[in-house]
Amino acid sequence: EYNLYAYRELKKLNITTHRSKIASNLATVYYDNRQNDSALIWGRMAIDLGKEFSYINSEIMGNYIVGACMEKNNKLDSAVYFITEAIKLAKANDRIDLQASAQQVLGNVLLSKGHYQEALKNFQEALPIQQEMEDVSGYNQSQRGIGLAALGLKNYPLAATNLASYVQLHDSLLSSENRKIVSELNTKYETEKKEKLIAEKELLLLKKNAQIRQSILAGIILALGLIIFWVQYRRAQKAKLKKLAQEKEIAVLKAWMNGEERERNRISQELHDGVAAMLGAAKLNLQSIPHLPEEKKQVQYDKIATILDNTHSDVRRIAHNLLPITLQQEGLIAAIQQFARDLNVTGIIEVMVIDELQAELMLNKQTQLMLFRIIQELTNNIIKHAQASKATILFSNEEDTLCVKVSDNGKGFSAIADQDSQGLFSIRERLKSLGGVFDIDSKEGSGTSAVLHIALQKK
């Protein structure tokens, strides 16, 4: 979006500087996002502008992107032309990184055309460059290309050596990537847990300080009064208040622990049932490849790629649910809108978010995260239990109070029977720890409305 905006502004102002570079940037972004038609348009524009303004890097990248798109569209002759042009320009201008990438694409095109000897030559030229530049992924793909080209030439020792190296390195990269993902998830989880623990300790310290001040005041009153009965009465009252405070702290702590336990169980189940299962399927498919006939191997590779794409999407979704990036960057309402869009895509339920706030939302990040979790839990309860087709999340404010209403058109329930359920109790106690209140209104057959009130911070 920023590149498109910059290009339009430069064109509007009739400024030619950098337009060719922006065109090559757009071609690359569209190609990376698999929008081949747009990538072709901007790739050709990068070529033309690169020639016009003598910006050789844009010309190289434009030829490379157009050639790669032609390969994806199965226009192999055109792909050979543009990729060859990219290689020639890259060699002439000492752009060995683009040269290696282009030779790898050309090798794949030549493999598809059955020109195994030429394909082998391009892969072998790209391999040492990628090794020198520490392009591990590109190096691994070139090993695969050499193996397939050698197989086509019936050079079985060379094919076996390179394909075995490819599989070994590919498995290593996959394992490393998975470890990195799990490590990042654990780091985010531990960070969030520590932040909550610090917040709880700070709250406990404030309460202890308040208790100390109350004790000093009570001591002064007792010393001045010299009335034993009054002293005993005050002590009894103080003990009672302390017990109530401890019971409240225990209830809040239990609510936190229940929420955390449910979150851990959900993450564990999603990792076990989703990510682990798909990775297991990918492993089995990889192990079956050596036993398949040649004409079915590519189908198997495509199937594995699809499984890995789905696994990657699941991991991103889990990470997003664990600590939404939108919440950190844009705030609570934007995060809830993104959450609603994700649910609407599934087709399970239609969720509408309405923003009627008349004042700026002034809540700290920790409070926004807790509200996001509560709204998320209420919405998940609607999906699981309400049998609803539509839900609405309404944000409004009454003076210095934020009001969030989550309603649905589901089957409803008996509020008297369900108002003390564990989930609603947990939500009520978490809001109480923030100084907020929670009300729920439901009738069987008439849907459910849950309303949250919490004070907004003043500027």
Side-chain angles (χ1 to χ4, degrees), residues 188-210 245 248-264 266-267 319-340 351 353-381 392-407 423-440 449-459:
K188 290 179 180 178
Y189 173 72
E190 290 298 328
T191 300
E192 182 179 353
K193 186 166 68 174
K194 288 178 181 177
E195 289 176 351
K196 289 180 180 178
L197 183 60
I198 291 171
E200 290 173 2
K201 287 183 177 180
E202 290 177 349
L203 180 61
L204 183 60
L205 182 60
L206 289 173
K207 289 182 178 179
K208 285 184 176 179
N209 290 336
K248 180 180 178 181
E249 290 173 9
I250 292 171
V252 172
L253 182 59
K254 285 182 178 179
W256 277 105
M257 292 173 64
N258 290 335
E260 290 294 324
E261 187 63 27
R262 285 197 298 274
E263 189 68 7
R264 284 195 294 271
R266 182 184 65 78
I267 295 170
H320 175 76
N321 286 337
L322 189 62
L323 186 61
I325 296 175
T326 308
L327 181 64
Q328 293 293 313
Q329 295 179 347
E330 301 180 35
L332 175 63
I333 295 179
I336 292 298
Q337 289 171 337
Q338 180 62 50
F339 172 64
V351 181
V353 179
I354 302 174
D355 180 10
E356 292 183 354
L357 287 173
Q358 302 298 318
E360 184 178 357
L361 187 61
M362 298 291 289
L363 295 172
N364 60 47
K365 292 293 184 182
Q366 189 67 27
T367 302
Q368 291 189 50
L369 177 60
M370 185 179 292
L371 284 174
F372 177 87
R373 293 289 183 221
I374 291 172
I375 296 170
Q376 189 180 45
E377 186 170 347
L378 288 171
T379 308
N380 288 336
N381 285 342
T392 302
I393 303 171
L394 171 65
F395 290 88
S396 61
N397 65 289
E398 302 169 358
E399 296 182 352
D400 292 329
T401 301
L402 170 66
C403 176
V404 183
K405 182 178 181 182
V406 182
S407 57
L424 297 181
F425 175 80
S426 174
I427 292 172
R428 187 172 284 108
E429 289 301 318
R430 279 185 279 174
L431 267 177
K432 190 183 295 183
S433 71
L434 296 174
V437 294
F438 170 72
D439 295 313
I440 190 163
S449 294
V451 184
L452 292 69
H453 294 276
I454 188 167
L456 291 170
Q457 298 174 357
K458 295 183 179 179
K459 291 185 179 179

What's the spacing between Leu371 CG and Gln366 CD if we round to 0.5 Å? 10.5 Å
Please tell me if the side chains of Ile374 and Val404 come closer than 4.5 Å, counting only heavy atoms from C-beta onward. no
Going through the distances and angles, do Phe395 and Leu332 end up as a side-chain contact (heavy atoms from CB on, under 4.5 Å)? CA-CA 10 Å; Phe395 290 88; Leu332 175 63; 4.0 Å; yes
Taking only residues two or more places apart in sequence or in another chain, which ones pass side chain to side chain contact (heavy atoms under 4.5 Å, CB included) with Ser449? Lys405, Ser407
Please check if the side chain of Gln368 supplies one atom and the backbone of Leu363 the other of a donor-acceptor pair under 3.5 Å. yes
Which heavy-atom pair separates Ala450 from Phe438 by the least distance, and what is that distance? CB-CE1, 3.8 Å
Which distance, rounded to the nearest 0.5 Å, do you find between the CD1 of Ile336 and the CD of Gln338? 11.0 Å
Considering residues at least two apart in sequence or located in another chain, which fulfil the side chain to side chain contact (heavy atoms under 4.5 Å, CB included) criterion with Thr401? His453
Distance col, row Gln337:CD vs Glu330:CD, nearest 0.5 angstrom, shows 9.0 Å
Closest non-hydrogen contact found for Val437 with Leu431 is O-CD1, 3.6 Å
For Asp439, what residues pass the side chain to side chain contact (heavy atoms under 4.5 Å, CB included) criterion, not counting sequence neighbours? none
Atom CD1 in Ile393, atom CZ in Phe339: separation rounded to 0.5 Å? 6.5 Å
Quick one: CG on Leu378 to CD1 on Ile427, what's the gap to the nearest 0.5 Å? 4.0 Å
Going by side chain to side chain contact (heavy atoms under 4.5 Å, CB included), name the residues that satisfy it together with Leu197, two or more places apart in sequence or in a different chain. Glu200, Lys201
Do you know which two heavy atoms are closest between Ser396 and Leu402, and how far apart they sit? O-CD1, 3.6 Å
Residues in side-chain hydrogen bond (donor to acceptor under 3.5 Å, both in side chains) with Asn209, at least two apart? none
What distance do Lys194 atom NZ and Ile198 atom CD1 have between them, rounded to the nearest 0.5 Å? 8.5 Å
